[in-house]
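Beneath this line is the structure, given in structure tokens, with notes to follow.
Source: prediction; values computed, not measured. Just so it is clear, the values below take in all heavy atoms, side chains as well, and ignore hydrogens, waters and symmetry mates.
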Amino acid sequence: MKKLWMEHFPEELQQKISEVERQIEPQIAEIEQRQLYNQGRVLNCFKAHRVAEEDLVGSTGYGYDDIGREKLDAIYADYFQSDDAIVKPQIMSGTHAITTAFFAVLRPQDKLFYLTGMPYDTIQHVIGIAGDEPGTLKDFQINFDYQPLLEDGEVDYEQAIKKLQDPAIKMVALQRSRGYAVRKSFTIEQLKKMIEFIRRIRTDVVIFVDNCYGEFSEIHEPTEYGADLMAGSLYKNAGGGIAKTGGYLVGRKDLIHLAGNRLNSPGSGKNEGATIGHLRDMYQGFFIAPHVTGEAIKGAIFASALLEKIGLKVSPRWNDPRTDLVQTVELGSPEKMAQFCAAIQHFSPVNAFVDPIASQMGGYEDQEIMASGSFTEGSTIELSCDGPIRPPYALYIQGGLTFEHVKVAISNAINETFFKNKNM
């Protein structure tokens, strides 16, 4: 059957797309099996906790006795195999959830230690090692250290053994996704190894995982292997493209209690917070999240294979293991970044008429360029691409509610950036 969706492309690009579609068939089939398995697990959680229509209504004011909110917390705790959870629309982002975890656990003179290298840009601002905002960990005399990664992007366990001897370390943090680094994201198997390594040296520290972009990407989660506390955002994977706001924390009961007191106030903790009109979206988003995450990952595999086929450096490669949504491509110049971002924006459902312009954004040191024509502002489970204007001029592509949208948008972006004016 003739592929009408790409008939306006030059013959060379059409041929490359067809080759890629055949090439990635085994990877697509594997992701679909993962979608099926994770969907079954989520469905079992909904059945076990007897989700009913009245759970979807939400509360107002203080949010006392919000049965739907309490049941959603229990479903998250169940799925992530942890003691307890906080799932709230009052958590504004993944960075907010992570910040809540830090301030919940750490006290003056404690030390936060990142085993997985320098953390993501916005977290550097939270810590106080970038920017000049008040209210950072540094302002509260909470110290910070990290273990630089090896050249191949792996954890330097030999040096980390020495650093972990520091008795001031109270929390060891693991960042699953690459952020704006060039290293690969860490798989569940690698995170399991890190957790076991930490526990052999220190039984007293809190092991925290930044799980942003990672939920449902594999069939296991870090909390299954001993992570004490974990955080993520609902307008990434866990919200399924339906939740309009919110975030979550899962983990040990005592740590969730601390996080609730930090997010709200001591004494009220996780038991307050109106859910108003958000619960239905948060339930439905979590239910559909395994499928949507799989669609985004299938799109990332397609993008990786096609971008590599036209000669660009990508990470992960199309046949590498997948543990999150993020796909990077090095474009080599700010001009190509802008051109590719513009094309993605032009093939988005919202604000398709807009041209992205690099600018300064809160929480980032470099100028950022971003394409995000999404239904929920800033959603990265919906197709977007962004990156800092700095060498190697890499764009970070993530999300996609449907595999079809990613294929259409990426193929058109490649055509607009690399083929359209090729023979002119």
Side-chain angles (χ1 to χ4, degrees), residues 6 8-9 13 16-17 93 120-122 177-182 212-213 235-236 241 296-297 299-316 324-422:
M6 63 176 185
H8 63 290
F9 295 153
L13 180 55
K16 289 182 185 297
I17 291 170
S93 64
Y120 183 67
D121 297 47
T122 59
S177 190
R178 69 182 66 205
Y180 279 160
V182 293
C212 289
Y213 302 105
Y235 48 90
K236 295 183 174 67
I297 293 174
I301 292 168
F302 173 84
S304 178
L306 189 55
L307 289 162
E308 184 177 63
K309 191 167 279 290
I310 66 169
L312 297 176
K313 185 176 180 180
V314 297
S315 179
D324 66 3
L325 302 183
V326 183
Q327 177 64 49
T328 69
V329 54
E330 294 183 18
L331 294 169
S333 73
E335 293 75 24
K336 287 293 184 188
M337 289 178 73
Q339 199 173 354
F340 194 90
C341 269
I344 292 293
Q345 188 74 40
H346 298 162
F347 288 90
S348 298
V350 180
N351 290 332
F353 52 87
V354 171
D355 287 326
I357 297 173
S359 61
Q360 208 66 44
M361 292 176 63
Y364 298 90
E365 290 300 292
D366 298 285
Q367 284 199 329
E368 299 284 313
I369 191 162
M370 175 180 290
S372 180
S374 54
F375 293 99
T376 296
E377 186 181 348
S379 171
T380 41
I381 189 61
E382 301 179 57
L383 179 62
S384 67
C385 71
D386 58 273
I389 307 298
R390 65 187 183 214
Y393 302 109
L395 280 176
Y396 295 74
I397 304 165
Q398 57 259 321
L401 298 180
T402 68
F403 183 24
E404 293 81 3
H405 177 216
V406 180
K407 288 179 73 172
V408 168
I410 291 294
S411 299
N412 276 282
I414 289 171
N415 184 45
E416 296 280 335
T417 309
F418 300 102
F419 285 84
K420 198 168 185 179
N421 301 315
K422 196 173 182 180

Could you tell me which residues satisfy side-chain hydrogen bond (donor to acceptor under 3.5 Å, both in side chains) with [X], sequence neighbours excluded, listed by chain and number?
{"X": "Thr376", "answer": "none"}
{"X": "Ser93", "answer": "none"}
{"X": "Ser384", "answer": "Gln398"}
{"X": "Ser411", "answer": "none"}

What residue pairs, at least two apart or across chains, pass salt bridge (charged side-chain N to carboxylate O under 4.0 Å, His left out) with a residue in [range]?
{"range": "residues 393-415", "result": "Glu21-Lys407"}
{"range": "residues 345-360", "result": "none"}
{"range": "residues 299-308", "result": "Glu308-Arg317"}

Taking every non-hydrogen atom, the tightest pair across [X] and [Y]:
{"X": "Arg390", "Y": "Asp366", "answer": "NH1-OD2, 2.5 Å"}
{"X": "Val326", "Y": "Ser177", "answer": "CG2-OG, 3.5 Å"}
{"X": "Leu401", "Y": "Gly241", "answer": "CD2-CA, 3.7 Å"}
{"X": "Ala413", "Y": "Ala343", "answer": "CA-CB, 3.4 Å"}
{"X": "Ala394", "Y": "Met337", "answer": "O-CE, 3.6 Å"}
{"X": "Ala371", "Y": "Cys341", "answer": "CB-O, 3.2 Å"}

Any donor-acceptor pair under 3.5 Å from Gln345 side chain to Asn351 backbone
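Yes: the side chain of Gln345 pairs with the backbone of Asn351.
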When you measure from the side chain of Ser348 to the backbone N and O of Ser372, does any donor-acceptor pair fall under 3.5 Å?
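Pair absent, no side-chain N/O of Ser348 close to backbone of Ser372.
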Any side-chain heavy atom of [X] sitting closer than 4.5 Å to one from [Y]?
{"X": "Arg178", "Y": "Pro316", "answer": "yes"}
{"X": "Leu307", "Y": "Ile397", "answer": "yes"}
{"X": "His405", "Y": "Pro349", "answer": "yes"}
{"X": "Ile414", "Y": "Leu306", "answer": "yes"}
{"X": "Ile344", "Y": "Ile410", "answer": "yes"}

Kindly compute the distance separating [atom1] ([X]) from [atom2] ([Y]), expressed to the nearest 0.5 Å.
{"X": "Lys420", "Y": "Leu13", "atom1": "NZ", "atom2": "CG", "value": "12.5 Å"}
{"X": "Tyr235", "Y": "Thr380", "atom1": "OH", "atom2": "OG1", "value": "8.0 Å"}
{"X": "Leu395", "Y": "Leu312", "atom1": "CG", "atom2": "CG", "value": "10.5 Å"}
{"X": "Leu331", "Y": "Thr417", "atom1": "CG", "atom2": "OG1", "value": "7.5 Å"}

For Lys309, which residues count as a salt bridge (Lys or Arg N to Asp or Glu O under 4.0 Å) partner, sequence neighbours excluded?
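Per chain and number, Lys309 pairs via salt bridge (Lys or Arg N to Asp or Glu O under 4.0 Å) with Glu19.
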A quick test of your reading: do over 12 heavy atoms of other residues, nucleotides or ligands sit less than 6.0 Å from CD1 of Ile357?
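Count not over threshold, so no.
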According to the ring pair (Phe, Tyr, Trp, His ring centres under 6.0 Å) rule, which pairs have a member within residues 374-393, sequence neighbours left out?
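Qualifying pairs, neighbours excluded: none.
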Show me the pairs that pass ring pair (Phe, Tyr, Trp, His ring centres under 6.0 Å) and involve residues 334-361, at least two apart or across chains.
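Non-adjacent pairs meeting ring pair (Phe, Tyr, Trp, His ring centres under 6.0 Å): zero.
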Worked verdict on Phe302 versus Phe403 for side chain to side chain contact (heavy atoms under 4.5 Å, CB included):
CA-CA 9 Å; Phe302 173 84; Phe403 183 24; 3.8 Å; yes
Restricting to ring-ring contact (aromatic ring centres under 6.0 Å, His included), what partner residues turn up for Tyr396, sequence neighbours left out?
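Tyr396: ring-ring contact (aromatic ring centres under 6.0 Å, His included) contacts with Tyr180.
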All side-chain contact (heavy atoms from CB on, under 4.5 Å) counterparts of Ala358, not counting sequence neighbours
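Result, side-chain contact (heavy atoms from CB on, under 4.5 Å) vs Ala358: Gln367, Ile369, Ile389.
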